[in-house]
Amino acid sequence: MTNFITLNNGYQIPQLGFGTIQQFDKQIEDNVAFALNHGYQLIDTANRYGNEVEVGKGLKLSGLKREDYFLETKLGPTLYENDQAIDDTLKRLGVDYVDVMILHHPVNNYIYAYKMLEKAYKEGKIKAIGLSNFRVEQIQEILDQCEIPPMIMQVECHPYYPAEHVYDFCKEHHIQLQSWYPLGHGNSDMLQEPVFVELAEKYHKSTVQIILRWHIQMGFGLVPGSKSMDHIKDNANIFDFELTDEEMKQIETINKHEPFYHVTEESLHRMATTKCNFE
């Protein structure tokens with residue numbers, strides 16, 4: 001079973017996706033094909049991951065028709081003024097369109113890049129457009145200067161830090177939140193929180209599955225990644241139970257109001273200048 005979420009343009013995408021960061025070569029081809037045949041319908045990648053060609057091969061390997069899966073990728077900041085970047089991305093992936101394309105980081109000329117997304121959206125090459133890692137004032141800048149409001153905001157989000165810095169703003173503007181690193185970089189403190197250990201025992205699930213289920217019930221999209229086929233399969237096995245309202249409230253109490261990933265001048269500079277492997 002797959003839950004779908006409806007974006008502000010009416011387009012529906014699966015709530016759960018498979019993330020492909022730091023996976024390469026034959027491994028990612030096999031894992032993409034495996035994921036699509038074991039509970040996932042959405043694959044998430046990025047120019048910067050350096051694996052779009054292999055992801056494309058994995059899509060073919062799955063044996064599924066194009067209309068039977070969803071594909072999401074992110075435009076790399078060094079390509080924000082490259083008018084060919086979107087067509088080149090489609091070529092690498094071996095598809096005629098992607099379901100979601102988002103700007104990976106709020107650096108360089110992101111207004112120009114967003115307008116490239118809008119153009120490709122109007123041409124049918126992208127079904128939904130969005131942002132990743134943007135601050136509220138930068139999302140506002142996009143809303144002020146662009147024609148088509150973002151449909152998705154991909155952001156660090158997990159029970160220790162439920163996307164607080166953008167949650168209310170995105171809700172108000174009907175922008176769907178999607179969690180990257182939904183397990184908080186696999187943080188062992190979070191995975192061993194007593195509340196998750198108790199719930200895992202109660203529902204005969206792992207603490208990982210409890211956390212992923214929390215995302216589902218919060219209404220977030222999520223793109224957990226794993227290199228292990230067993231984990232890939234387990235991460236999708238979260239639709240046969242439901243946490244109670246009281247249990248969701250219990251989970252609220254472990255919020256640390258602090259992200260794992262801190263943006264610095266140095267990290268922004270790195271995002272702005274690091275080229276993709278095909279450049």
Side-chain angles (χ1 to χ4, degrees), residues 5-13 17 42-50 52 55-56 70-156 163 165-166 169-178 180 221 223 263 265 267-279:
I5 40 186
T6 304
L7 306 178
N8 61 25
N9 65 340
Y11 196 61
Q12 289 193 312
I13 63 165
L42 171 74
I43 302 294
D44 172 76
T45 183
N47 295 167
R48 286 278 305 275
Y49 295 174
E52 287 173 312
V55 164
F70 293 75
L71 184 55
E72 173 171 28
T73 192
K74 303 179 252 323
L75 204 61
T78 50
L79 302 168
Y80 281 3
E81 293 183 65
N82 177 340
D83 293 314
Q84 269 303 107
I86 293 171
D87 286 342
D88 290 347
T89 298
L90 297 180
K91 268 187 209 134
R92 278 191 302 281
L93 288 161
V95 295
D96 294 332
Y97 70 93
V98 291
D99 297 275
V100 181
M101 191 178 283
I102 58 187
L103 301 185
H104 207 157
H105 292 281
V107 292
N108 301 346
N109 193 348
Y110 53 79
I111 296 292
Y112 188 90
Y114 194 83
K115 290 183 173 173
M116 293 197 321
L117 292 186
E118 290 181 320
K119 180 174 181 282
Y121 174 77
K122 288 178 190 166
E123 292 167 350
K125 294 172 184 175
I126 306 172
K127 304 293 185 188
I129 59 181
L131 308 168
S132 176
N133 304 308
F134 276 58
R135 296 195 316 273
V136 164
E137 55 272 28
Q138 293 166 321
I139 306 172
Q140 186 61 59
E141 198 185 340
I142 296 279
L143 290 170
D144 292 343
Q145 295 195 43
C146 299
E147 226 180 301
I148 301 164
M151 291 134 208
I152 282 195
M153 169 67 178
Q154 201 184 82
V155 65
E156 178 181 346
H165 65 306
V166 295
F169 184 87
C170 286
K171 201 168 182 175
E172 187 191 330
H173 290 89
H174 311 291
I175 300 169
Q176 173 65 47
L177 279 181
Q178 190 184 51
W180 58 253
V223 289
V263 176
E265 284 304 315
S267 71
L268 286 174
H269 177 73
R270 200 169 56 244
M271 297 310 166
T273 55
T274 306
K275 289 193 183 305
C276 304
N277 69 342
F278 51 79
E279 284 185 86

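On a predicted model such as this, the values are computed, not experimentally measured, just so you know.
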With sequence neighbours excluded, residues passing side chain to side chain contact (heavy atoms under 4.5 Å, CB included) with Q12: F4, T6
Residues which pass salt bridge (charged side-chain N to carboxylate O under 4.0 Å, His left out) with K171, listed by chain and number, not counting sequence neighbours: none
D96: side chain to side chain contact (heavy atoms under 4.5 Å, CB included) partners, not counting sequence neighbours: none
Within residues 100-116 or reaching into it, pairs that qualify as salt bridge (Lys or Arg N to Asp or Glu O under 4.0 Å) - sequence neighbours excluded: none
Heavy-atom side-chain proximity of P150 to L143 below 4.5 angstrom: yes
Under 3.5 Å donor-acceptor, N109 side chain and Y80 backbone: no
Contacts of K127 that satisfy salt bridge (charged side-chain N to carboxylate O under 4.0 Å, His left out) - sequence neighbours left out: none
Partner set under salt bridge (charged side-chain N to carboxylate O under 4.0 Å, His left out) for K275, not counting sequence neighbours: none
Donor-acceptor pair, side chain of S267 and main chain of V263, under 3.5 angstrom: no
Heavy-atom check, side chain of F278 versus side chain of R92, under 4.5 Å: yes
Counterpart residues, side chain to side chain contact (heavy atoms under 4.5 Å, CB included), relative to Q145 (two or more places apart): I111, E141
I175 and V166, any side-chain heavy atoms less than 4.5 Å apart: no
Test item: S132 and Q178 side chains (from C-beta on) under 4.5 Å apart, heavy atoms: no
Residue list, salt bridge (charged side-chain N to carboxylate O under 4.0 Å, His left out) with E172, at least two apart or on another chain: none
Those residues that, when tested against E123, pass side chain to side chain contact (heavy atoms under 4.5 Å, CB included) (two or more places apart): K119, K125
Qualifying ring-ring contact (aromatic ring centres under 6.0 Å, His included) pairs, either residue in residues 106-148, two or more places apart: Y110-F134
Qualifying salt bridge (Lys or Arg N to Asp or Glu O under 4.0 Å) pairs, either residue in residues 72-84, two or more places apart: D44-K74
E118 side chain near C146 side chain, heavy-atom distance below 4.5 Å: yes
All side-chain hydrogen bond (donor to acceptor under 3.5 Å, both in side chains) counterparts of N82, not counting sequence neighbours: none
Given L93, D99, V95, the one that forms side chain to side chain contact (heavy atoms under 4.5 Å, CB included) with Y97: D99
Atom pair CD1/CG of I86 and N47 - distance to nearest 0.5 Å: 9.5 Å
Any side-chain heavy-atom pair of Q176 and N8 under 4.5 Å: no
Partner of R48 by side chain to side chain contact (heavy atoms under 4.5 Å, CB included), out of L75, T274, L79: T274
Single hit among T89, T45, N277, T73 for side-chain hydrogen bond (donor to acceptor under 3.5 Å, both in side chains) with E52: T73
